[in-house]
Amino acid sequence: MRDAVSRIVDAVAETAPEVRAGLTGRREYETDENPSGEQMLAADLHADQLLEERLLAIDGVASYASEEREDVVESGQGDFHVACDPLDGSSNLKSNNVMGTIVAVYDEPIPAPGSALVASGYVLYGPITTFVLAREGTVTESVVEETDDGVERRVVDEDVTIPDDPVVYGFGGRVPDWHEDFEAFVREIEDELKLRYGGAMIGDVSQVIEYGGIFAYPSLTSAENGKLRLQFEGNPIAHIVECAGGRSSDGEQSLLEVEPDELHQRVPVHVGNTELIERLEAALA
Ligand code: P6P
(Lines give C-alpha, C1' and ligand atoms only; values in the text may rest on other atoms or scores of the structure.)
Protein backbone atom coordinates (compact mmCIF):
# COMPACT_ATOMS: atom_id res chain seq x y z
CA MET A 1 0.00 0.00 0.00
CA ARG A 2 1.20 3.52 -0.81
CA ASP A 3 2.41 5.55 2.15
CA ALA A 4 -0.03 7.95 3.83
CA VAL A 5 1.42 11.14 2.28
CA SER A 6 1.14 9.62 -1.21
CA ARG A 7 -2.47 8.67 -0.47
CA ILE A 8 -3.20 12.22 0.68
CA VAL A 9 -1.77 13.60 -2.56
CA ASP A 10 -3.70 10.98 -4.57
CA ALA A 11 -6.94 11.98 -2.81
CA VAL A 12 -6.51 15.67 -3.61
CA ALA A 13 -5.70 14.94 -7.26
CA GLU A 14 -8.62 12.52 -7.57
CA THR A 15 -11.01 15.08 -6.05
CA ALA A 16 -9.88 17.87 -8.40
CA PRO A 17 -12.09 16.95 -11.39
CA GLU A 18 -15.13 16.75 -9.08
CA VAL A 19 -14.31 20.17 -7.58
CA ARG A 20 -13.91 21.58 -11.08
CA ALA A 21 -17.16 19.99 -12.30
CA GLY A 22 -18.90 21.39 -9.23
CA LEU A 23 -17.97 24.99 -10.06
CA THR A 24 -20.79 25.33 -12.57
CA GLY A 25 -23.97 26.32 -10.80
CA ARG A 26 -22.24 27.18 -7.51
CA ARG A 27 -21.40 30.81 -8.21
CA GLU A 28 -23.82 32.22 -5.63
CA TYR A 29 -22.65 33.47 -2.22
CA GLU A 30 -23.61 31.69 1.00
CA THR A 31 -25.19 33.67 3.83
CA ASP A 32 -22.46 32.67 6.32
CA GLU A 33 -18.92 34.10 6.27
CA ASN A 34 -15.73 32.06 6.76
CA PRO A 35 -13.61 32.48 9.94
CA SER A 36 -11.68 35.25 8.17
CA GLY A 37 -14.90 37.20 7.71
CA GLU A 38 -14.99 36.60 3.96
CA GLN A 39 -18.03 35.69 1.91
CA MET A 40 -18.11 32.02 0.83
CA LEU A 41 -19.46 30.68 -2.43
CA ALA A 42 -21.41 27.43 -2.58
CA ALA A 43 -18.38 26.20 -4.54
CA ASP A 44 -16.10 26.83 -1.52
CA LEU A 45 -18.30 24.68 0.70
CA HIS A 46 -18.65 21.93 -1.92
CA ALA A 47 -14.89 21.64 -2.31
CA ASP A 48 -14.36 21.76 1.45
CA GLN A 49 -16.87 18.96 2.11
CA LEU A 50 -15.37 16.70 -0.57
CA LEU A 51 -11.83 17.20 0.70
CA GLU A 52 -12.70 16.70 4.36
CA GLU A 53 -14.53 13.45 3.62
CA ARG A 54 -11.79 12.02 1.39
CA LEU A 55 -8.82 13.13 3.51
CA LEU A 56 -10.13 12.10 6.94
CA ALA A 57 -10.91 8.66 5.50
CA ILE A 58 -7.19 8.07 4.96
CA ASP A 59 -5.46 5.96 7.60
CA GLY A 60 -2.69 8.17 8.94
CA VAL A 61 -4.53 11.50 8.70
CA ALA A 62 -5.06 12.75 12.24
CA SER A 63 -6.82 16.01 11.42
CA TYR A 64 -8.22 18.25 8.69
CA ALA A 65 -8.32 22.04 8.79
CA SER A 66 -9.65 24.43 6.21
CA GLU A 67 -9.84 28.13 5.57
CA GLU A 68 -13.63 27.74 5.59
CA ARG A 69 -13.87 26.15 9.06
CA GLU A 70 -13.50 27.72 12.50
CA ASP A 71 -11.77 24.71 14.06
CA VAL A 72 -9.62 21.71 13.20
CA VAL A 73 -11.55 18.45 12.60
CA GLU A 74 -9.84 15.60 14.44
CA SER A 75 -10.00 11.96 13.34
CA GLY A 76 -8.22 10.81 16.49
CA GLN A 77 -5.30 8.88 15.01
CA GLY A 78 -2.41 9.31 12.57
CA ASP A 79 0.85 11.17 12.02
CA PHE A 80 -0.27 13.77 9.50
CA HIS A 81 -2.33 16.93 9.77
CA VAL A 82 -3.79 18.34 6.54
CA ALA A 83 -4.69 21.99 5.94
CA CYS A 84 -6.56 23.06 2.82
CA ASP A 85 -7.69 26.19 1.09
CA PRO A 86 -10.39 24.29 -0.79
CA LEU A 87 -10.93 26.95 -3.43
CA ASP A 88 -8.31 29.69 -3.40
CA GLY A 89 -9.43 32.71 -5.40
CA SER A 90 -13.05 31.58 -5.54
CA SER A 91 -14.10 35.20 -6.09
CA ASN A 92 -12.70 34.64 -9.61
CA LEU A 93 -15.51 32.18 -10.29
CA LYS A 94 -18.03 34.92 -11.08
CA SER A 95 -15.64 36.42 -13.66
CA ASN A 96 -14.67 32.94 -14.91
CA ASN A 97 -10.97 33.26 -14.14
CA VAL A 98 -8.47 30.81 -12.68
CA MET A 99 -8.54 29.53 -9.11
CA GLY A 100 -7.00 26.65 -7.20
CA THR A 101 -7.04 24.15 -4.34
CA ILE A 102 -4.13 24.32 -1.90
CA VAL A 103 -3.08 21.42 0.33
CA ALA A 104 -0.49 21.45 3.13
CA VAL A 105 0.58 18.22 4.86
CA TYR A 106 2.19 18.80 8.28
CA ASP A 107 3.71 16.20 10.61
CA GLU A 108 2.76 18.32 13.64
CA PRO A 109 -0.71 19.34 14.90
CA ILE A 110 -2.14 22.48 13.26
CA PRO A 111 -1.43 25.37 13.66
CA ALA A 112 2.09 24.27 12.77
CA PRO A 113 5.23 26.02 11.49
CA GLY A 114 6.02 25.66 7.80
CA SER A 115 9.15 23.76 8.79
CA ALA A 116 6.77 20.89 9.74
CA LEU A 117 5.55 20.51 6.15
CA VAL A 118 6.25 17.12 4.56
CA ALA A 119 4.36 17.95 1.36
CA SER A 120 2.59 20.95 -0.18
CA GLY A 121 0.66 21.23 -3.38
CA TYR A 122 -1.84 23.13 -5.42
CA VAL A 123 -4.33 22.20 -8.09
CA LEU A 124 -4.69 24.98 -10.69
CA TYR A 125 -8.08 25.11 -12.43
CA GLY A 126 -6.86 26.82 -15.58
CA PRO A 127 -7.43 25.95 -19.24
CA ILE A 128 -5.81 22.68 -18.09
CA THR A 129 -6.14 21.19 -14.60
CA THR A 130 -2.63 20.80 -13.20
CA PHE A 131 -1.24 19.69 -9.86
CA VAL A 132 2.03 21.16 -8.57
CA LEU A 133 3.55 19.21 -5.66
CA ALA A 134 6.57 19.89 -3.43
CA ARG A 135 7.86 16.86 -1.58
CA GLU A 136 11.34 15.89 -0.35
CA GLY A 137 12.85 19.07 -1.76
CA THR A 138 11.59 18.63 -5.32
CA VAL A 139 8.63 20.17 -7.17
CA THR A 140 6.76 18.24 -9.85
CA GLU A 141 3.93 19.33 -12.13
CA SER A 142 1.27 16.92 -13.36
CA VAL A 143 -1.73 17.20 -15.66
CA VAL A 144 -4.90 15.86 -14.03
CA GLU A 145 -7.45 14.31 -16.37
CA GLU A 146 -10.60 12.29 -15.93
CA THR A 147 -10.49 9.17 -18.15
CA ASP A 148 -12.70 6.11 -18.59
CA ASP A 149 -10.40 4.37 -16.10
CA GLY A 150 -10.72 7.13 -13.49
CA VAL A 151 -8.60 10.19 -12.70
CA GLU A 152 -5.17 10.14 -14.33
CA ARG A 153 -2.25 12.21 -13.05
CA ARG A 154 0.49 12.50 -15.67
CA VAL A 155 3.82 14.12 -14.65
CA VAL A 156 4.82 16.75 -17.23
CA ASP A 157 7.73 18.31 -15.30
CA GLU A 158 9.80 16.26 -12.85
CA ASP A 159 11.87 19.15 -11.54
CA VAL A 160 10.02 22.47 -11.59
CA THR A 161 12.56 25.27 -11.13
CA ILE A 162 12.03 29.02 -11.15
CA PRO A 163 13.98 30.61 -14.09
CA ASP A 164 16.99 32.70 -13.05
CA ASP A 165 15.88 35.80 -15.01
CA PRO A 166 12.65 37.26 -13.53
CA VAL A 167 9.93 38.48 -15.88
CA VAL A 168 6.65 39.08 -13.97
CA TYR A 169 5.36 40.64 -10.77
CA GLY A 170 2.01 40.77 -9.00
CA PHE A 171 1.23 42.67 -5.78
CA GLY A 172 -2.06 42.54 -3.85
CA GLY A 173 -3.78 45.20 -1.80
CA ARG A 174 -4.75 48.73 -2.81
CA VAL A 175 -1.87 51.12 -3.62
CA PRO A 176 -3.01 53.72 -1.04
CA ASP A 177 -2.82 50.98 1.62
CA TRP A 178 0.78 50.01 0.85
CA HIS A 179 3.47 51.06 3.33
CA GLU A 180 5.84 53.66 1.89
CA ASP A 181 8.90 51.37 1.89
CA PHE A 182 6.97 48.65 0.06
CA GLU A 183 5.65 51.17 -2.47
CA ALA A 184 9.19 52.44 -3.14
CA PHE A 185 10.25 48.83 -3.85
CA VAL A 186 7.27 48.39 -6.19
CA ARG A 187 8.27 51.50 -8.18
CA GLU A 188 11.68 49.89 -8.84
CA ILE A 189 10.11 46.57 -9.86
CA GLU A 190 7.59 48.27 -12.17
CA ASP A 191 10.50 49.59 -14.25
CA GLU A 192 11.98 46.09 -14.58
CA LEU A 193 9.19 43.49 -14.84
CA LYS A 194 5.73 42.95 -16.37
CA LEU A 195 2.52 43.08 -14.28
CA ARG A 196 0.69 39.78 -13.90
CA TYR A 197 -2.01 39.98 -11.20
CA GLY A 198 -5.21 37.96 -11.49
CA GLY A 199 -6.72 38.00 -8.01
CA ALA A 200 -6.13 34.33 -7.23
CA MET A 201 -2.82 33.66 -5.51
CA ILE A 202 -2.43 30.24 -7.15
CA GLY A 203 -2.73 31.71 -10.64
CA ASP A 204 -0.31 34.54 -9.84
CA VAL A 205 2.24 32.28 -8.12
CA SER A 206 2.01 29.90 -11.08
CA GLN A 207 3.11 32.80 -13.33
CA VAL A 208 6.10 33.47 -11.04
CA ILE A 209 7.14 29.81 -10.98
CA GLU A 210 6.82 29.53 -14.76
CA TYR A 211 8.44 32.82 -15.84
CA GLY A 212 10.40 34.00 -12.78
CA GLY A 213 9.52 37.08 -10.76
CA ILE A 214 7.78 37.98 -7.53
CA PHE A 215 4.30 37.75 -6.00
CA ALA A 216 3.32 39.50 -2.80
CA TYR A 217 0.30 40.23 -0.69
CA PRO A 218 2.11 42.59 1.68
CA SER A 219 1.49 44.16 5.04
CA LEU A 220 -0.95 47.05 4.58
CA THR A 221 -1.55 50.20 6.63
CA SER A 222 -5.13 48.90 6.91
CA ALA A 223 -4.07 45.30 7.75
CA GLU A 224 -0.61 44.92 9.27
CA ASN A 225 -0.49 41.18 8.55
CA GLY A 226 -1.90 41.47 5.04
CA LYS A 227 -4.67 39.15 3.85
CA LEU A 228 -3.32 35.65 3.29
CA ARG A 229 -3.44 32.92 5.92
CA LEU A 230 -0.22 31.27 7.15
CA GLN A 231 -1.51 27.71 7.57
CA PHE A 232 -3.49 27.42 4.34
CA GLU A 233 -1.71 29.77 1.89
CA GLY A 234 1.58 31.23 3.16
CA ASN A 235 3.26 28.04 4.39
CA PRO A 236 2.41 25.72 1.45
CA ILE A 237 3.20 28.31 -1.21
CA ALA A 238 6.47 29.21 0.50
CA HIS A 239 7.37 25.52 0.68
CA ILE A 240 6.69 25.05 -3.04
CA VAL A 241 8.57 28.17 -4.14
CA GLU A 242 11.58 27.40 -1.91
CA CYS A 243 11.71 23.81 -3.20
CA ALA A 244 11.62 25.27 -6.75
CA GLY A 245 14.78 27.27 -5.99
CA GLY A 246 13.19 30.56 -4.94
CA ARG A 247 12.62 32.25 -1.61
CA SER A 248 9.76 33.37 0.61
CA SER A 249 9.51 36.08 3.22
CA ASP A 250 7.11 37.68 5.68
CA GLY A 251 9.22 40.80 5.15
CA GLU A 252 12.02 39.68 7.45
CA GLN A 253 12.40 35.88 7.34
CA SER A 254 11.29 32.79 5.43
CA LEU A 255 7.59 32.16 5.91
CA LEU A 256 8.54 28.63 6.94
CA GLU A 257 10.15 30.06 10.08
CA VAL A 258 7.11 32.07 11.18
CA GLU A 259 5.90 30.81 14.56
CA PRO A 260 2.17 30.00 14.38
CA ASP A 261 -0.07 31.24 17.16
CA GLU A 262 -3.57 30.68 15.86
CA LEU A 263 -5.29 28.72 13.11
CA HIS A 264 -6.44 31.58 10.89
CA GLN A 265 -3.61 34.00 11.50
CA ARG A 266 -2.71 36.16 8.53
CA VAL A 267 0.83 36.86 7.36
CA PRO A 268 2.43 39.16 4.77
CA VAL A 269 3.38 36.88 1.86
CA HIS A 270 6.24 37.56 -0.57
CA VAL A 271 7.55 34.75 -2.82
CA GLY A 272 9.76 34.59 -5.91
CA ASN A 273 13.31 34.73 -7.16
CA THR A 274 15.85 34.81 -4.36
CA GLU A 275 17.46 38.05 -5.62
CA LEU A 276 14.11 39.85 -5.62
CA ILE A 277 13.14 38.65 -2.14
CA GLU A 278 16.52 39.75 -0.81
CA ARG A 279 16.01 43.20 -2.39
CA LEU A 280 12.53 43.36 -0.85
CA GLU A 281 13.81 42.49 2.65
CA ALA A 282 16.51 45.15 2.31
CA ALA A 283 13.86 47.68 1.23
CA LEU A 284 11.68 46.87 4.26
CA ALA A 285 14.57 46.76 6.78
P1 P6P B 1 -7.62 40.97 -3.49
C2 P6P B 1 -8.34 35.18 -2.96
O3 P6P B 1 -9.50 35.69 -2.30
C4 P6P B 1 -7.14 35.52 -2.11
O5 P6P B 1 -7.26 34.91 -0.87
C6 P6P B 1 -5.86 35.09 -2.82
O7 P6P B 1 -6.01 33.98 -3.60
C8 P6P B 1 -5.51 36.31 -3.64
O9 P6P B 1 -4.12 36.45 -3.83
C10 P6P B 1 -6.07 37.46 -2.81
O11 P6P B 1 -7.08 36.93 -1.97
C12 P6P B 1 -6.67 38.54 -3.69
O13 P6P B 1 -7.05 39.59 -2.84
O14 P6P B 1 -7.57 41.93 -2.33
O15 P6P B 1 -6.68 41.35 -4.63
O16 P6P B 1 -9.00 40.66 -3.97
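Indexing begins at 1, ligand by ligand and atom by atom, following the structure's order.
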Show the numbers, then the answer: is there a side-chain contact (heavy atoms from CB on, under 4.5 Å) between Asp250 and Val269?
-> CA-CA 5 Å; Asp250 65 352; Val269 171; over 6 Å; no
Report yes or no: does Tyr106 contribute a side-chain atom to a donor-acceptor pair with the main-chain N or O of Gln231 at less than 3.5 Å?
-> yes
Assess whether atom CD of Glu252 is packed by more than 12 heavy atoms of other residues, nucleotides or ligands within 6.0 Å.
-> no
Using side-chain hydrogen bond (donor to acceptor under 3.5 Å, both in side chains) as the criterion, point out the one residue from Ser254, Ser120, Ser115 that pairs with His239.
-> Ser120
Given Asp44, Asp85, Leu263, the one that forms side chain to side chain contact (heavy atoms under 4.5 Å, CB included) with Glu67 | Asp85
Report all protein residues having a heavy-atom distance below 4.0 Å to some atom of ligand 1; order the list by chain, then number.
-> Asp88, Gly89, Tyr197, Gly199, Ala200, Met201, Phe215, Tyr217, Lys227, Leu228, Arg229, Glu233
Taking His270 for the side chain and Ala216 for the main chain, is one N or O donor matched with an acceptor at less than 3.5 Å?
-> no
